Amino acid sequence: MSLSPKLTNADDEVRQAVSGSRRRFLTFTGAAVAAAFGTNLPGTSKALADEASLRSDPFTLGIASGDPLPDSVVLWTRLAPQVFDPVGGMPDKRFAVSWQVAKDERFAKVVREGAATARPEYLHSVHVDVRGLEPDRQYFYRFRAGRYLSPVGRTRTAPQPSASRSSLRFAVASCQAYSDGYYTALRHLADEDVDVVFFLGDYIYENAVNSVGGNRNDTSFVVPDIFQIAPDTLDLYRLRYSLYKADPDLQAAHAAFPWVVTWDDHEVEDNYADRFSSGNKPVDDFLVQRANAYRAYWEHMPLRPLQEPAGPDARLYREFRFGDLLQVNVLDTRQYRSDQACGDGAKAGCTAAGDPARTILGEAQRSWLLDSLGTSTARWNLLAQQVFMARRATSLTNPPLLAMDAWDGYTADRQRLFDTIVERDVKGLVVITGDTHTNYACDLKQNFDDEGSPTIGVEIMGTSISSVGNGSDTTDWLGVEMQANPHFKFNNFQRGYVRCELDRDHLRTDFRVVPYVTSRGAPISTRATYLSVRDNPGFQAADPR
Ligand code: FE
Ligand code: CA
């Protein structure tokens, strides 16, 4: 989804002025692509830095944990004593980082500890795949580099797949354009009591950020001119994460819970599709850009080595289990999709959108998903993904306008998925989605052409953390959508996150919103609560809490 016009050639002067060192990272073509990716491989020849050489706090970007399994979580940090230095102010040497996992916040009962190596090839990021933990337990973790201790993080392992769990809580967040506002919602999220957070994409944006951080208008913190440039190089993507991760509210939300992340478009470029740039860059150039973007993403997220990109390819789709209660399939609807139909945008009567040869998942991911769902033994089945799955008519015309970037532009894949759910009698389907910067509670109809057809599950569209600024409770176009889509039960255009609670038979969904993001300190409240029943899905309004 676009926020504002893209940078154009008019920005070339800015590029020249601020990116002298950028030349060496400029795009490659053809055979040079392979050589360029080769430089991403970790070296063993780099010397180990003297620990005393670290002269200031390297934990400026916080800590994180993620991808909980019954015996494991991934712990993340990055050594960056200087946030806006392209290499974080670190020497071109390896650095020893020790870590600890404890049962208590004071680290009296340490259960695992070890030493990791922060490598300059990975911008001194650290990904520790801690094993041997107990299932369904809260833990605390921290790092040490030189004489500096990191903040303490709290995390939680998943229950064993066979374990009977009576309830589970999770939160849904997405879309945090830095210059659109403060991450007040994430600060409030840190105070919630959830087992896991799902972040569904647009972790960074490529849009220009001015010196006061746009809407933030923060004169106490100068954003360097290099953020006027839309990233395409590894350096520029890395700097985006440095800026975003320096935000204390984002750090607080990471430190409070394990996150399960997936990306959408803005981690690379608005509305890209597989190897196709929405700006029609040459494919070879765009694949180098995608490789840079994917690598910077992996370097800054609590992800396992399995998710590490190899050049422009990364396996981000993956499965989680939370006891017998919940199976989660995390999707990647960007990397393998066919180019958007009918030139993208909102289109009415685009027949290509239904072409069975077109796909939003790609064949391999689709087979994996249909197999996984078809054989699931969990009470509930959550799909954590990026773009609107339910039909969303945005006009009252016949045929209606539909977004070609969402599942409405790939209806054959949607129908294959829904047919499998019906044929295999998959129960407890809950789809969680980002991208539109709007809250929605929707019923998923087996056949969207027939509003009388069975409801096979529900979709929760979570609004943005900050993207598009303050927003409002409702808008004219949201009113039109409620009229045009009888399967929509609720929508709202404020910023926030969604808090969900599952028990054996019920899903409770609280839409948590803040009234503004352009200044700090907004309070949080529950705008609406919707319930769905596992064996009789469909959202019903309930008293907010
Ligand atoms: Fe977004
Ligand atoms: Ca998006």
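Both ligands and their constituent atoms are indexed starting at 1 by order of listing. These figures come from a predicted structure and were not determined experimentally.
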- For D195, all residues meeting salt bridge (charged side-chain N to carboxylate O under 4.0 Å, His left out), sequence neighbours excluded: R156, R165
- Should the pair W76 and H300 be assigned to parallel (<30°), tilted (30 to 60°) or perpendicular (>60°) ring geometry? tilted
- Could you check which N/O/S atom of D265 is closest to the Ca ion (ligand 2)? OD1
- Using 2.8 Å as a strict upper limit, say whether an N, O or S atom of C175 approaches the Fe ion (ligand 1) that closely. yes
- Query: Do the two ring centres, one from F322 and one from W380, sit under 6.0 Å apart?
  - Reply: no
- Message: Looking only at N, O or S atoms in D202, which is nearest to the Fe ion (ligand 1)?
- Response: OD2
- Task: Would you please classify the geometry between the F511 ring and the F490 ring as parallel, tilted or perpendicular, with 30° and 60° separating the classes?
- Result: tilted
- Query: Of all N/O/S atoms in H437, which lies nearest to the Fe ion (ligand 1)?
  - Reply: NE2
- Measure from the side-chain N and O atoms of Q176 to the backbone N and O of Y203, and report whether any donor-acceptor pair falls under 3.5 Å. yes
- Note on the structure: For T455, the side chain to side chain donor-acceptor pair (under 3.5 Å) test, sequence neighbours excluded, returns K445
- Message: Rounding to 10°, state the angle centred on the Ca ion (ligand 2) that links OD2 in D264 with OD1 in D435.
- Response: 90°
- May I ask you to check whether D202 brings an N, O or S atom to under 3.0 Å from the Ca ion (ligand 2)? yes
- Task: Answer yes or no for S174: is there an N/O/S atom below the 2.8 Å cut-off from the Fe ion (ligand 1)?
- Result: no
